[in-house]
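Scroll down for the structure; my scribbles are underneath it.
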Amino acid sequence: MSTTLSDRYNPQEVETKTYKWWEENGYFKAQDLSTKPPYSIILPPPNVTGFLHLGHALDHTIQDLLIRWKRMSGFNAMWLPGTDHAGIATQSVVEKELKKQGHTRHSLGRDVFIEKVWDWKNQYGDRIYNQMRKLGDSCDWERATFTLDEGVSKAVKKVFVQLYKKGWIYKGQRLVNWSTPLESAISDLEVEFQQVKGTLYHILYSIENSSEFLTVATTRPETMLGDTAVCVNPDDERYKHLIGQNVVLPLINKSIKIIADTYVDPKFGSGVVKMTPAHDFNDYKIGKTHNLEFINILEKNGLLNENAGPYKGLKVQEARKRVIDDLKKQNLIAKEEPYIHSVGHCSRTGAVVEPFLSEQWFMKMDKLAIPAKRVVESGTLRFEPESWTKVYLHWMNIIEDWCVSRQLWWGHQIPAYICQDCNHTTVSETTPTVCEKCVSDQIKQDEDVLDTWFSSALWPFSTMGWPENTEALKTFYPSTYLITGHDIIFFWVARMIMMGLEFKGDIPFRTVYIHGLVRDSQGRKMSKSLGNSIDPVELIEKHGADALRISFLAHLHSGKDFKFSEQRLEGYRNFMNKIWNAARFVLSHLQDFKTPTEGVRALPKKALLSTYDQWIIYALGEVEKKVESALDADRFSEAALALYHFVWNQYCDWYIEFTKPLLQGPKTEERETTQLVLAQVLNRIVRLLHPFTPFITEEIYQKLPIKGQACIIDEYPTALKDKDFLAFGNEEAATEVEVVKEVISSIRNIRGENRISPAQTMAVRLDVNDDRAQKILGANKKSIMTLGKISQLDIAKEGPLAKSAVALIHVKDVSVKVVIPLEGLVDFAEEIKRIEKTIEKLAKDISNLSIKLSNEKFVKNADEEVVAADREILENSKKQMVQLQEALVRFQ
RNA sequence: AGGGAGUUAGCUCAGUUGGUAGAGCGCCACCCUUACAAGGUGGAUGUCGCAGGUUCGAAUCCUGUACUCCCUACCA
């Protein structure tokens with residue numbers, strides 16, 4: 001195998017090949033029976049019609065991070081993928097296709113239409129799966145489930161029948177959101193409210209046996225055809241005397257009652273509201289409490305029906321015009337004013353949603369909600385971030401019965417069979433041949449299908465073979481995490497909890513991790529209409545899946561919405577390139593490295609380790625601890641950023657630089673040892689990063705001299721598991737390296753601030769007072785010279801300062817004075833500026849600290865360590881101040 | 001209207017038990033130094049929304065207030 005890597009990371013080349021290799025080797029598969037502890041995540045099933053969007057990409061990245069991390073940590077990690085049949089969405093897509101061929105679903109008939117939808121699904125249903133592969137999702141594909149699969153359908157029927165028998169599913173007349181083009185009820189989720197410019201019409205209703213009129217205001221005058229009362233506030237002095245009397249409904253001259261309800265706001269409009277219980281949700285409620293008549297004036301297709309009298313057959317908009325014209329002719333319009341209000345539109349067809357009274361199936365929710373609340377209150381089921389608990393409980397407290405029927409063809413047809421003879425409804429899991437009541441064989445299945453969310457609610461167990469008690473269920477239910485956005489907590493998460501408790505007697509998942517929604521860089525929702533949606537597949541092709549993944553993970557914070565920025569993505573693309581090049585460097589310097597037989601367990605000889613080796617191993621241990629605790633606490637960004645900084649700012653910026661002289665030097669045992677450390681640390685870096693950036697890490701891993709079979713199934717490093725190697729880390733060495741880094745940085749600072757060209761040679765003297773400092777600097781002289789780009793370095797006890805730039809360094813108890821003679825190098829003006837700037841900063845610090853430390857209460861109350869630390873800083877600052885002031889004098 | 005969240009550097013955001021404010025990007029200057037210009041080195045930038053309170057000490061805890069955003073509902 002080649003040990004070289006191309007000089008720029010090319011994700012496209014690597015990703016397809018690597019994914020295929022993982023899949024062919026079965027690395028994504030979990031076992032139903034295993035001695036490993038189970039860890040499972042069920043993918044929120046995307047719509048089968050859908051394309052992967054950025055929201056999915058974020059959602060999946062988190063899930064894949066967890067699955068890969070746990071898989072590497074020795075768990076039987078199972079990620080179950082699936083797709084949702086998405087009733088309305090899919091039906092609409094196929095209907096649109098058919099329309100091009102001059103068909104409608106009605107012209108084809110139900111059976112043929114359903115066949116066409118299945119054809120479509122079989123052709124395009126895997127599209128989103130292939131996009132998920134591009135992202136690197138390590139799903140157990142053999143478990144992939146579709147919500148209309150046979151097993152799921154069986155579960156759906158069983159649940160429906162059981163709840164029906166319990167009396168928790170029932171049929172009733174209710175007001176629902178009605179989409180007239182679909183001729184179906186739609187869920188609240190499918191209603192989009194839009195601000196619309198309308199007109200508020202003030203209409204006069206004459207009071208019976210009086211010459212007076214009541215003025216009612218409405219934006220939908222045509223609904224007056226279905227009015228069955230007018231309503232005022234019971235405390236409204238203007239109308240108190242009229243309560244109980246009647247008004248005459250104009251145009252159809254019908255007498256309707258004046259009722260009173262506190263719902264009416266006397267301050268709004270005229271304080272009189274027309275009641276149309278069959279076409280308005282509030283009026284419906286009031287209609288129920290006041291026992292009003294419900295008059296439906298619409299057909300399913302949105303045309304007015306016979307109750308509309310002369311307006312029968314008109315569309316709503318036409319009827320509205322005609323009604324207004326007719327009222328105007330009778331001088332019954334008191335006022336017309338422009339009015340902006342929000343109107344619900346069908347998210348699929350864009351049509352205005354009509355509240356429509358119809359026969360629907362409902363699920364009774366109050367009883368189901370009780371245990372579902374309890375498990376969250378008791379902490380058995382946890383939300384992360386925790387603040388969603390409140391939102392969840394609030395919603396569960398105001399839960400209403402769920403309309404589960406839809407008048408569509410694509411979906412789970414309701415297992416209810418209506419007898420054509422006695423009208424009895426037989427509900428059964430198996431298709432009955434006769435009516436259970438009158439034994440007539442004239443029975444017909446209810447035409448409605450179930451709301452898509454009905455099957456989704458069963459997803460955590462229907463995907464694993466329920467109602468059979470399968471091994472998969474025993475092992476993986478409840479699943480460990482559910483990862484989803486906050487937009488579907490109520491529609492989906494809550495319902496899964498209720499169904500899980502009812503049918504499995506246990507919560508469906510232990511933790512619900514709620515992430516924010518992906519927005520554009522200006523914080524707007526991504527949508528087709530705004531034209532601001534970004535295709536993740538394009539981003540992956542441009543910058544690589546790893547860069548996209550880590551750009552999400554590094555900036556994902558506590559469930560807040562995520563503003564996506566391509567510029568940030570480029571930053572992480574650069575990080576990928578950085579890792580790539582670091583690996584390239586290391587590998588090129590390991591050409592002559594002999595792979596140890598103990599592989600990853602190979603340990604260096606302590607006596608041969610350099611300070612830098614001991615320091616980087618120590619730093620590795622620190623980062624391993626940090627990553628573990630961050631991942632354990634769901635703080636993914638903290639883990640990602642810790643690794644980012646370790647790799648870039650420690651391993652690349654310093655460690656690799658420190659190793660260069662040795663690597664470029666002759667073959668020695670010390671050189672071999674550093675090679676071993678370079679290889680071992682890189683091996684760990686690659687494993688630590690794998691769940692975040694799987695592709696690049698697997699690619700590098702395969703070229704490492706020290707490696708196992710595959711990164712994806714290698715062990716995830718932790719401080720405990722890695723303790724033998726980490727034992728070679730040394731905190732003392734870390735201090736020592738810190739001194740060296742500080743010295744180099746201050747040399748660079750003086751050079752930079754004085755604009756001394758890097759080509760200009762410079763002599764530097766380091767003054768020290770104690771043996772330890774002397775020893776440290778002596779041992780690291782070569783590194784300081786190379787990295788500080790200096791030609792001559794003296795280490796002394798004390799020396800002349802003359803026209804020299806001076807910097808004082810304190811690391812723990814080590815002090816160094818960096819002295820750089822500037823005579824002949826620069827214009828002193830720059831150095832004077834630098835000194836003045838530093839003095840200014842110091843003066844502020846000294847003043848603040850002095851005030852603080854002279855405060856007796858502070859000294860008395862604060863922790864001793866805090867006071868001691870402040871004292872030390874103050875002392876050092878004062879020393880430095882003296883030095884700088886003296887230096888200033890020398891330059892003037 | 002009810003519920004939730006936010007307000008920290010030009011932008012996007014970190015800041016876990018209160019102890020002299022951080023990152024990335026952007027910006028300025030210098031550098032094509034044989035892993036990397038998708039790079040290196042140095043630098044500038046914040047009365048942590050406002051007002052009170054608790055405390056020796058508040059970005060952090062409490063109260064109030066302004067503004068922004070999200071969700072649910074409503075807009076006769």
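Residue numbering restarts at 1 for every chain, and letters A, B, ... go by the order of the sequence lines.
Rounded to whole Å, the distance from CG on A/N581 to P on B/U34 is 13 Å. Atom C1' of nucleotide B/A14 and atom CG of A/L643 are separated by 16 Å, given to the nearest angstrom. In this structure, the CH2 atom of A/W388 is 7 Å from the C1' atom of B/C71, given to the nearest Å. Rounded to whole Å, the distance from CG on A/D546 to P on B/A38 is 20 Å. As a whole-Å value, the separation of A/D280 CG from B/A73 C1' is 13 Å. Note: CZ (A/F383) to C1' (B/G4) measures 14 Å, nearest angstrom. Between the OH atom of A/Y651 and the C1' atom of B/C36 there is a distance of 14 Å, rounded to whole Å. Atom CZ in A/R584 sits roughly 13 Å away from atom C1' in B/A38 (whole-Å rounding).
Listed candidates were B/G2, B/A35, B/G42. Nearest to the side chain of A/E753 is B/G42. Distance from the side chain of A/F281 is smallest for B/C74 among the nucleotides B/G42, B/A35, B/C74. Taking every side-chain heavy atom of A/P758 into account, B/C30 is the closest of B/U72, B/A35, B/C30.
Remark: A/R8 is not positioned above the aromatic ring of A/W580, lacking an NZ or CZ atom under 6.0 angstrom from the ring centre and at most 45 degrees off the axis. Taking the ring centre of A/F658 as origin, the terminal cationic atom of A/K782 falls outside the region bounded by 6.0 Å and 45° from the ring axis. A/F575 does not carry A/R568 over the face of its six-membered ring by the limits of under 6.0 Å from the centre and within 45° of the normal.
Separating the C1' atom of B/A21 from that of B/U47 is a span of 13 Å, rounded to the nearest Å. Rounded to whole Å, the P atom of B/A59 lies 26 Å from the corresponding atom of B/G43. The separation of B/G26 from B/C48, taken at their P atoms, amounts to 27 Å, rounded to a whole angstrom. Only the C1' atoms considered, B/U54 is 7 Å distant from B/C62, to the nearest whole Å. Here, B/U12 and B/U17 have their C1' atoms 28 Å apart, quoted to the whole Å. Distance check on atom P: B/G40 versus B/G24 gives 11 Å, rounded to whole Å. Spacing between B/A9 and B/U16 at atom C1', rounded to whole Å, works out to 23 Å. For B/G3 and B/G57, the C1' atoms lie 36 Å apart once the distance is rounded to whole Å.
Helical stems in RNA chain B, defined as runs of 3 or more consecutive Watson-Crick or G-U wobble pairs with donor-acceptor distances under 3.5 Å: B:1-7 with B:66-72, B:10-13 with B:22-25, B:27-31 with B:39-43, B:49-53 with B:61-65.
Across all strands shown, A/R635 has heavy atoms under 4.0 Å from base atoms, whether or not it also approaches the sugar-phosphate. Across all strands shown, A/R519 has heavy atoms under 4.0 Å from sugar-phosphate atoms exclusively, and none from any base. A/R573 comes within contact range of at least one nucleobase, with a heavy-atom separation under 4.0 Å. A/E657 comes within 4.0 angstrom of a nucleotide base, judged by non-hydrogen atoms across all strands. No contact: A/C231 has no heavy atom under 4.0 Å from any strand. Residue contacts shown for A/T218 are limited to sugar-phosphate atoms, with no base heavy atom under 4.0 Å away. Counting non-hydrogen atoms under 4.0 angstrom, A/K860 reaches nothing in the nucleic acid. A/T219 comes within 4.0 angstrom of the backbone, heavy atoms only, and of no base. Counting non-hydrogen atoms under 4.0 angstrom, A/N577 reaches a base of the nucleic acid.
Distances shown here put a side-chain N or O of A/R8 below 4.0 Å from the OP1 or OP2 atom of B/A38. In this structure, A/K390 does not reach the B/G3 phosphate: none of its side-chain N or O atoms is under 4.0 Å from OP1 or OP2. Under 4.0 angstrom from either OP1 or OP2 of B/G57 there lies no side-chain N or O belonging to A/N855. The side chain of A/K660 places no N or O atom within less than 4.0 Å of a non-bridging phosphate oxygen (OP1 or OP2) of B/U33.
In this structure, A/E337 places its CD atom where more than 12 heavy-atom neighbours from other residues, nucleotides or ligands lie under 6.0 Å away. Heavy-atom contacts from other residues, nucleotides or ligands closer than 6.0 Å to CD of A/E377 number more than 12. Atom NZ of A/K373 has more than 12 neighbouring heavy atoms from other residues, nucleotides or ligands inside a 6.0 Å radius. Annotation for A/E856: atom CD does not count as buried by contact number, only 12 or fewer foreign heavy atoms lying within 6.0 Å. No more than 12 heavy atoms of other residues, nucleotides or ligands sit less than 6.0 Å from atom NZ of A/K626.
Nearest-nucleotide assignment on RNA chain B puts the 5′-proximal partner with A/F575, out of A/F575 and A/N749. Between A/R220 and A/I398, it is A/I398 whose nearest contact on RNA chain B lies nearer the 5' terminus.
Between A/N754 and the options A/Q760, A/E831, A/E830, a side chain to side chain donor-acceptor pair (under 3.5 Å) holds for only A/E831.
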Every protein N/O within reach of nucleotides 18-29 of chain B N/O, cut-off under 3.5 Å:
{"from": "B/C25", "atom 1": "O2'", "to": "A/Q567", "atom 2": "OE1", "distance (Å)": "3.2"}
{"from": "B/A29", "atom 1": "O2'", "to": "A/R755", "atom 2": "NH1", "distance (Å)": "3.2"}

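Taking the six-membered ring for Trp and thresholds of 30 and 60 degrees, A/H486 and A/W388 have nearly parallel ring planes, at less than 30 degrees apart.
The ring of A/Y205 has its center no closer than 6.0 angstrom to the ring center of A/F213.
With respect to the salt-bridge test (charged N to carboxylate O, under 4.0 angstrom), the residues A/D280 and A/R220 qualify.
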